[in-house]
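Working notes for the structure below.
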Amino acid sequence: MMRLSRTTKVVVLTGAGISAESGIRTFRESGGLWENHKVEDVATWSGFEKDPALVWKFYRQRWEDSNSTKPNAAHYALVEMEHYYAQHFSLVTQNVDGLHSAAGSKNPLEMHGNLNSCFCTTCRAKFKLHDTDPDIAIPLCPKCGAYLRPDIVWFGEIPYFLSEIEHSLKKCDVFIIIGTSGLVYPAAGFVMTAKLMGAKTIAINLEAPDNLSFIDEFHQGKSGEVLPALVKEWTAP
Ligand code: OAD
Ligand code: ZN
């Protein structure tokens, strides 16, 4: 049994698998498609240029779907970790569903954006999707009139918070990946950085992630079942 003291510096990276038990389908299980759409059509800038109405319809649907889901035991276990490790804890997520915040995590670094956020393709001003008119196929910027686009990091675009993430990877003692296939970079490479910088690396996943060779401790199973038990162990008095 392993305990991690309150001053252990812990970084957690989550992926689609942590939301699977909340009812959100992962990317890999839909065979390279995202809810029956080709990734190039709905998750690239060129797809948006070709058919912005389709891309907006798609993300509005994803946002509505995520609104009807609830965090699960794994999201709540991470809130407990945040309370326990306090300023020594950071949470990075590739998910755009907002479930970490919904569970109560204070500052998840949403490196791939958030479904409830959008920004202007011209003046870059940011807005909330819930402030836009759902009956308009392509929402327009209230400031300059240009198209708004979903605030999602598409393929070929640079994720958010990379310098903060790199900084915390370099000084962490333990790096934990949860529910992520290890196929999409740069997130897939974080485990290598952390390991090479001397951290202990832990994975919790339904199947072996692609970057398993950099993992010291692999816990196979559903994160909603495995993680709460591990958190109890790590934070045991
Ligand atoms: P994936 O769909 O690639 O991987 C999900 C992983 O979660 C798989 O390895 C599953 O085995 C595992 N899994 C499924 N159910 C689980 C459960 N209940 N408990 C634990 N693990 C479970 O999702 P990501 O790795 O998040 O990018 O994908 C990375 C990025 O690729 C996404 O952020 C997205 C996508 O293109 C953008 O949207 C920009
Ligand atoms: Zn604008």
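Remember, it's 1-based here, ligands and their atoms both numbered in the order they're listed. Quick note: residue numbers are just sequence positions, from 1.
With respect to Lys222 and Glu21, no salt bridge is recorded, no charged nitrogen being found less than 4.0 Å from a carboxylate O. A salt bridge links Asp151 and Lys126; the closest N-O separation between the charged side-chain nitrogens and carboxylate oxygens is under 4.0 Å. We find that Arg60 and Glu64 are not joined by a salt bridge, their nearest charged nitrogen and carboxylate oxygen being 4.0 Å or further apart. Under 4.0 Å is where a charged nitrogen must lie from a carboxylate oxygen, and between Lys195 and Asp216 at least one such pair does.
Between Cys120 atom SG and Cys144 atom SG, the angle centred on the Zn ion (ligand 2) amounts to 100° (nearest 10°).
Checked against the 6.0 Å centroid threshold, Tyr84 and Trp234 do not count as a close aromatic pair.
Atom CZ of residue Phe127 and atom SG of residue Cys141 lie 4.0 Å apart, to the nearest 0.5 angstrom.
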Once you restrict both partners to nitrogen or oxygen, which atoms of ligand 1 have a protein partner under 3.5 Å, and how far apart are they?
from, atom 1, to, atom 2, distance (Å)
ligand 1, 2 (O), Phe27, N, 2.8
ligand 1, 2 (O), Arg28, N, 2.9
ligand 1, 3 (O), Arg28, NE, 2.4
ligand 1, 3 (O), Arg28, NH2, 3.0
ligand 1, 3 (O), Ser181, OG, 2.6
ligand 1, 4 (O), Ser181, N, 3.4
ligand 1, 7 (O), Gly179, O, 3.4
ligand 1, 9 (O), Asn205, ND2, 2.8
ligand 1, 18 (N), Glu21, OE2, 2.9
ligand 1, 19 (N), Ser223, N, 2.8
ligand 1, 19 (N), Ser223, OG, 3.3
ligand 1, 21 (N), Leu206, N, 3.2
ligand 1, 25 (O), Thr180, OG1, 2.7
ligand 1, 25 (O), Ser181, N, 3.0
ligand 1, 25 (O), Ser181, OG, 3.4
ligand 1, 26 (O), Ala16, N, 2.8
ligand 1, 28 (O), Arg28, NH2, 3.4
ligand 1, 31 (O), Arg28, NH2, 3.2
ligand 1, 33 (O), Gln94, O, 3.2
ligand 1, 33 (O), His112, ND1, 2.8

